[in-house]
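For reference, the structure is listed below as structure tokens.
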Amino acid sequence: MQIERAEVFLVPLRLREPFESSAATVQDRIIVLVALHGDGKTGWGECVAGETPHYSPETTETAWHVLTRLLLPAVVGREHAGRPGVGGTVWTPARGHPMANAAVEMAVWDLQAKRDDVLLCTAIGGTRRAVPVGVSIGLQRNDKALLEQVGSSLEEGYLRVKIKIRPGRDVGMLRSVRDRFPTASLMVDANSGYTIADLERLRELDDLGLMMIEEPLAPGDFQGYAELQAALRTPVCLDESICSVVDAQRALELGSCRVINVKPGRVGGFGEARSIHELCLGLGIPMWCGGMLESGVGRAHNVALSTLPGFTLPGDISASRRYWERDLVYPEWEVTDGALTPLESPGIGVEPDRARIEDLSVRRTEIA
Ligand code: OSB
Ligand code: MG
């Protein structure tokens with residue numbers, strides 16, 4: 001099919017609370033939205049790059065450059081019989097830049113699903129509807145504030161709680177959480193705040209009954225991770241380290257992790273995410289979909305991905321109101337019985353609030 005016209009929007013959106021990890025504190029997000037028009041339909045994608053390169057090298061500004069100068073000019077006006085990214089062979093004039101590429105790839109999937117009048121989750125091979133969800137809680141002012149956050153998340157029905165840690169805010173803090181919530185499904189995410197020299201400290205986490213410890217060491221240190229995983233009973237989960245199916249293969253061969261967090265933006269889109277899914281499903285490695293503090297648009301893509309059969313663990317895909325005073329889509333995403341469920345409408349299902357997106361945009365361009 002032909003993509004006739006594309007738009008890119010930069011939409012500042014303030015999180016209800018600052019979100020602190022070992023790598024950075026974020027409150028003011030800049031949501032990058034891509035709209036692709038063709039056959040009278042509009043496909044939407046969200047680029048999940050951060051405002052600063054604390055999580056990965058891409059930023060909203062590198063994404064703007066790649067999208068508006070390189071990717072979209074190459075895509076608009078061309079015939080796209082297949083979907084970019086399918087089968088892991090991404091055609092792109094911009095090597096690297098997975099988050100910029102993913103925004104376009106996923107918008108193409110949405111556009112084609114709408115043209116074919118099918119749900120996005122069905123188009124990508126999803127077999128489930130309701131997807132189990134958890135929450136990711138940032139570093140808090142003190143243990144009391146954290147205990148309150150964990151308690152209210154469990155009351156809201158979230159099936160597992162992820163807690164951000166950093167050296168000095170780890171073992172003691174988690175002991176108090178475990179004491180208060182003895183049976184809760186808990187996990188931690190260190191965003192590469194540790195080194196292998198912290199092995200003894202990390203081993204103290206083994207007695208807390210955590211589901212997993214996410215990305216404690218430097219991204220891509222597969223050897224270090226293998227050493228760590230061999231020394232821990234708690235499963236290691238990789239996030240930042242896995243940028244492709246080749247990375248996943250290497251990590252699993254070396255024994256660097258036992259769980260994988262898949263974020264479609266981090267790996268360049270649904271094509272690569274599906275390759276990782278296939279690999280992990282074959283090896284019996286559990287997966288879950290991570291989050292990047294997305295608006296309701298990116299969340300829709302994450303929900304769709306999570307309907308694939310291998311996504312057995314609750315994802316970091318929470319309700320709109322956990323993040324935003326008001327989301328950019330309607331209806332907003334809501335959690336029922338610990339799950340989010342795609343709407344029964346073609347493509348991503350939710351409708352981006354176009355008037356509000358235009359109104360809030362600080363930058364907007366059209367490629368025709
Ligand atoms: O490491 O999983 C992460 C947010 C931004 C960047 C990286 C991460 C996160 C989260 C929040 O943990 C997940 C979410 O609720 O969107
Ligand atoms: Mg993470």
Side-chain angles (χ1 to χ4, degrees), residues 13 15-32 46-60 63 98-99 102 131-140 146 149-150 153 156 158-166 186-194 210-220 225 235-243 247 251 257 259-267 287-303 305-306 313-324 327-328 333 335 340:
L13 210 57
L15 289 163
R16 286 170 59 169
E17 304 289 340
F19 186 78
E20 183 177 350
S21 73
S22 73
T25 302
V26 178
Q27 179 154 31
D28 288 299
R29 293 268 10 254
I30 298 173
I31 305 290
V32 182
E46 176 168 341
C47 175
V48 300
E51 298 69 35
T52 63
H54 63 268
Y55 171 85
S56 82
E58 285 181 280
T59 68
T60 45
M99 293 171 178
V131 309
V133 292
V135 283
S136 174
I137 298 178
L139 287 157
Q140 300 293 308
L146 176 61
Q149 289 273 331
V150 174
S153 302
E156 285 168 45
Y158 289 100
L159 300 177
R160 69 100 171 103
V161 175
K162 169 168 128 178
I163 297 166
K164 294 285 189 183
I165 58 169
R166 64 167 166 78
L186 300 175
M187 60 170 288
V188 294
D189 186 358
N191 291 104
S192 302
Y194 296 80
L210 302 175
M211 294 173 79
M212 67 194 93
I213 169 167
E214 182 176 338
E215 200 74 24
L217 310 179
Y225 276 111
V236 170
C237 170
L238 291 181
D239 172 1
E240 285 92 327
S241 287
I242 306 295
C243 300
D247 287 340
C257 67
V259 183
I260 291 184
N261 163 345
V262 181
K263 295 176 179 173
R266 195 190 64 225
V267 303
M287 272 164 283
W288 53 280
C289 181
M292 291 291 289
L293 308 173
E294 291 94 344
S295 81
V297 175
R299 201 163 303 283
H301 290 279
N302 289 345
V303 170
L305 182 66
S306 302
L313 296 171
D316 277 348
I317 318 177
S318 309
S320 297
R321 67 186 172 83
R322 273 197 83 90
Y323 306 88
W324 319 111
D327 205 338
L328 298 177
W333 287 102
V335 170
L340 287 182

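Throughout, numbering of the chain's residues begins at 1 and tracks the sequence. Remember, it's 1-based here, ligands and their atoms both numbered in the order they're listed.
A side-chain donor-acceptor contact under 3.5 Å links Glu215 to the backbone of Ser241. Checking side-chain atoms of Glu51 against main-chain N and O of Ile30 turns up a donor-acceptor pair under 3.5 Å. Remark: the backbone N or O of Glu20 is not paired with any side-chain donor or acceptor of Thr25 at under 3.5 angstrom.
Salt bridge Lys263/Asp316: absent, no basic N to carboxylate O contact under 4.0 Å. Classification of Arg322 and Asp327 as a salt-bridged pair fails, no side-chain N sitting under 4.0 Å from a carboxylate O.
When distances from the Mg ion (ligand 2) to the N, O or S atoms of Asp239 are compared, OD2 comes out shortest.
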Apply side-chain contact (heavy atoms from CB on, under 4.5 Å) to residues Cys257 and Tyr225 and explain how you reach the verdict.
CA-CA 7 Å; Cys257 67; Tyr225 276 111; over 6 Å; no
Check against side-chain contact (heavy atoms from CB on, under 4.5 Å), Trp333 and Ile317
CA-CA 9 Å; Trp333 287 102; Ile317 318 177; over 6 Å; no
Ser22 and Lys164: CA distance, side-chain angles, deciding distance, side-chain contact (heavy atoms from CB on, under 4.5 Å) verdict:
CA-CA 7 Å; Ser22 73; Lys164 294 285 189 183; over 6 Å; no
The test is side-chain contact (heavy atoms from CB on, under 4.5 Å); show your working for Asn261 and Val259 and say whether it passes.
CA-CA 7 Å; Asn261 163 345; Val259 183; over 6 Å; no
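Taking the Mg ion (ligand 2) as the apex, the angle formed with OE2 of Glu214 and OD2 of Asp189 is 90°, to the nearest 10 degrees.
Residue-level proximity to ligand 1 for Asp239 is carried by the side chain, the only part with a heavy atom below 4.0 angstrom. With a heavy-atom cut-off of 4.0 Å, Ile317 does not touch ligand 1 at all. Neither the backbone nor the side chain of Arg322 has a heavy atom within less than 4.0 Å of ligand 1. Neither the backbone nor the side chain of Val26 has a heavy atom within less than 4.0 Å of ligand 1.
Atoms of ligand 1 found under 4.0 Å from any heavy atom of Ser136 (numbered from 1 in listed order, with element): 10 (C), 11 (C), 12 (O), 13 (C). Residue contact check: Phe19 has heavy atoms under 4.0 Å from atoms 4 (C), 10 (C), 11 (C), 12 (O) of ligand 1. Residue contact check: Glu214 has heavy atoms under 4.0 Å from atoms 2 (O) of ligand 1. Set against the non-hydrogen atoms of Asn191, the atoms of ligand 1 under 4.0 Å away are 1 (O), 3 (C).
Considering each of His54, Lys263, Glu240, the one bringing a non-hydrogen atom nearest atom 7 (C) of ligand 1 is Lys263.
Shortest non-hydrogen contact noted between Glu294 and Trp324 is O-NE1, 3.2 Å.
Under a 4.0 angstrom heavy-atom cut-off, Lys162 registers as being in contact with ligand 1. Within the 4.0 Å heavy-atom shell around ligand 1 one does not find Glu215.
At least one N or O atom of Tyr323 sits closer than 3.5 Å to an N or O atom of ligand 1. Polar contact with ligand 1: absent for Ser318 (N/O pair, distance under 3.5 Å). Taking any N or O of Leu293, backbone or side chain, at least one lies under 3.5 Å from an N or O belonging to ligand 1.
In this structure, atom 6 (C) of ligand 1 lies nearest to the protein heavy atom Met292 SD, 3.5 Å. For atom 9 (C) of ligand 1, the nearest protein heavy atom (residue, atom name, distance) is Gly291 O, 3.5 Å.
For the residue pair Arg29/Tyr323, the side-chain donor-acceptor check at 3.5 Å is not satisfied. A side-chain donor-acceptor contact under 3.5 Å links Glu46 and Ser295.
Contact annotation: Glu215 places no N, O or S atom under 2.8 Å from the Mg ion (ligand 2).
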